[in-house]
Structures are given as structure tokens and as C-alpha cells.
Amino acid sequence: MVRRTKEEAIETRNRILDTAEHIFHENGVSRTSLEHIARAAGVTRGAIYWHFKNKADLFTVMFDRIRLPMETMIERCRDNDPDNDPVGTLRKIFTLVLRETVRNPQRRRVLEILFHKCEYTDEMGSVIERHQEACADGRKHIEHSLRSAVALGQLPGDLDTRRAAVLLHAMITGLMGDWLFMPESFDLEANAPIMVDSFFDMLRLGSSLRVSTEK
């Protein structure tokens, strides 16, 4: 009986998350209330509050359902690739991130919400903080890999790795955001490797990304 109750609770929690995901995607986050989600999921508002503190907490858990599997896939790329090819590893990770945005319907739906259907109002303060942390963490990992690439001679020795990491992260997220806004405008899945290669061509050839020697 206890096991069945636990399974039912998990089932209810997942149904709430699935319902919220689809309603957020259809109506936008700010125009969706917990009452809307409760009615569509066939539960009470009390049931939602049993599993989630508020709408921001529900949104964060919904986002983590696509973030955590992606982080696992990224870590697998790092673990399986040799330490002497940080550029190759980054290339695989960036290509994976772009292609999974196309291939995974749930990831695509949640990212559409995050990029285009979420207003960062006061009630979403914890979501803003969580997204900022994820961006900062992504830049940190990119910069670490770029420094390794510079040390191994894969990239110019005077590359400004901090500036390059910020730029690469912005280009990846911007490319996803543009494609999600106009998916018919270009084939992201097919062109992902070429676009990623162009990022690294820019790092190798762009003089504006060099560390300044002026005093």
C-alpha cells in the first residue's frame, strides 16, 4: 500500500509537470496560473503545492527535466574523449546541444518556453537566478576547455579565453533561440557541425580576440 501511494505521488507529480509544460508552451508562463494547471491536470491546487512551492519552483523542476539529461550526455562526451583534444570535445558537445534541440521534442518545447514564452517578472526571481547560474557554469566549462586548447597549441597562445568563452556561449544560445523562433529558416540539425566549425575558425583567425599587449 505504501509503495502504491508513493508510485501514485510520482505519477501525479509527473502529470503536473507534463501539463504545465504544455500549457506554458501554449499560453506563456505569465498568463498561466497554478489554477489553470490544476484544472488541466485533473488535480487540486493543494496537490500542486504538495509537490512544488510555487510556479517558479514548478518551472525550475520542469527545466531540470531537460537540463540534467543533457548534462549527463555532455559529461559522457568529456569522459569518453581524450584529454589531448579539448577542441574536438567542445566541438562534439556544441554539435550535440544543437542537434538535441532539434531531435528531442520535450527539450525543444521547454527551450521555446524559456527563450520566447517566459517573462522574467518578480515571481520568477528564482528562475532568473537558476538560469544565470547555468549560464555562468557553462561559460566556466567552456573557458576551462579553451585554456587547455591553448596550452596544447590547438588555439593561438594569445587568445583571450574569457572573452572567447562568453562569445561562444552567446553564439550557441543565440543560434538555438533564432532557430526556435524561425525553425523553417534553416536546417539546424544538418548545419550544426559546419556552424560549430566556423566558431573555432573565428577563434583561430580573429585578431580582435587576442589578449591586448598594450600597457
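We number each residue from 1, following the sequence as shown.
- For I37 against I48, the heavy-atom pair with the smallest separation is CG2-CD1, 4.0 Å.
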Atom pairs and distances, side-chain donor-acceptor, residues 96-108, under 3.5 Å, sequence neighbours left out:
unit_1, atom_1, unit_2, atom_2, d
R99, NE, E189, O, 2.9
R99, NH2, E189, O, 3.4
T101, OG1, V97, O, 2.8
T101, OG1, R107, NE, 3.3
R103, NE, E189, OE2, 2.6
R103, NH2, E189, OE2, 3.2
N104, OD1, Q106, N, 3.0
N104, OD1, R107, N, 3.1
Q106, NE2, E21, OE1, 3.2
R108, NE, E112, OE2, 3.4

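- What you find for A41 and T19 is that their closest heavy atoms are CB-OG1, 3.5 Å.
- Minimum heavy-atom separation, M182 to S185: O-OG, 2.6 Å.
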Kindly list each side-chain donor-acceptor pair under 3.5 angstrom involving residues 164-178, sequence neighbours excluded, with atom names and distances?
unit_1, atom_1, unit_2, atom_2, d
T173, OG1, H169, O, 3.0
T173, OG1, A170, O, 3.2

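- For R76, there are no side-chain hydrogen bond (donor to acceptor under 3.5 Å, both in side chains) partners two or more places apart in sequence or in a different chain.
- Partners of S145 under the side chain to side chain contact (heavy atoms under 4.5 Å, CB included) rule, at least two apart in sequence or in another chain, are L90.
- Residues satisfying the side-chain hydrogen bond (donor to acceptor under 3.5 Å, both in side chains) test with R13, not counting sequence neighbours, are none.
- Pairs engaging residues 125-136 under the side chain to side chain donor-acceptor pair (under 3.5 Å) rule: none recorded [sequence neighbours left out].
- Remark: R147 CZ to T161 OG1 distance equals 4.5 Å, nearest 0.5 Å.
- In this structure L68 satisfies the side chain to side chain contact (heavy atoms under 4.5 Å, CB included) test together with D64, E71, sequence neighbours excluded.
- Among residues two or more places apart in sequence or in another chain, the side chain to side chain contact (heavy atoms under 4.5 Å, CB included) test is passed with H141 by R78, D137.
- With sequence neighbours left out, the side chain to side chain contact (heavy atoms under 4.5 Å, CB included) criterion links R210 to P156, D158, L159.
- A pairwise comparison of heavy atoms in Y49 and N54 identifies CE2-CA, 4.4 Å as the closest pair.
- With sequence neighbours excluded, no residue forms a salt bridge (Lys or Arg N to Asp or Glu O under 4.0 Å) with R139.
- The local environment of CZ in R204 is crowded, with over 12 non-hydrogen atoms from other residues, nucleotides or ligands closer than 6.0 Å.
- Applying the ring-ring contact (aromatic ring centres under 6.0 Å, His included) definition to pairs two or more places apart or across chains, those involving residues 88-118 are H116-F181.
- Between I23 atom CD1 and K117 atom NZ the span is 12.5 Å, to the nearest 0.5 Å.
- Of the charged side-chain nitrogens involved, none lies within less than 4.0 Å of a carboxylate oxygen, so that D85 and K92 do not count as a salt-bridged pair.
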Donor-acceptor pairs under 3.5 Å, side chain of residues 190-201 to any protein atom, not counting sequence neighbours: which ones?
unit_1, atom_1, unit_2, atom_2, d
N191, ND2, D187, O, 2.8
D197, OD1, R91, NE, 2.5
D197, OD2, R91, NH2, 3.3
S198, OG, M195, O, 2.5

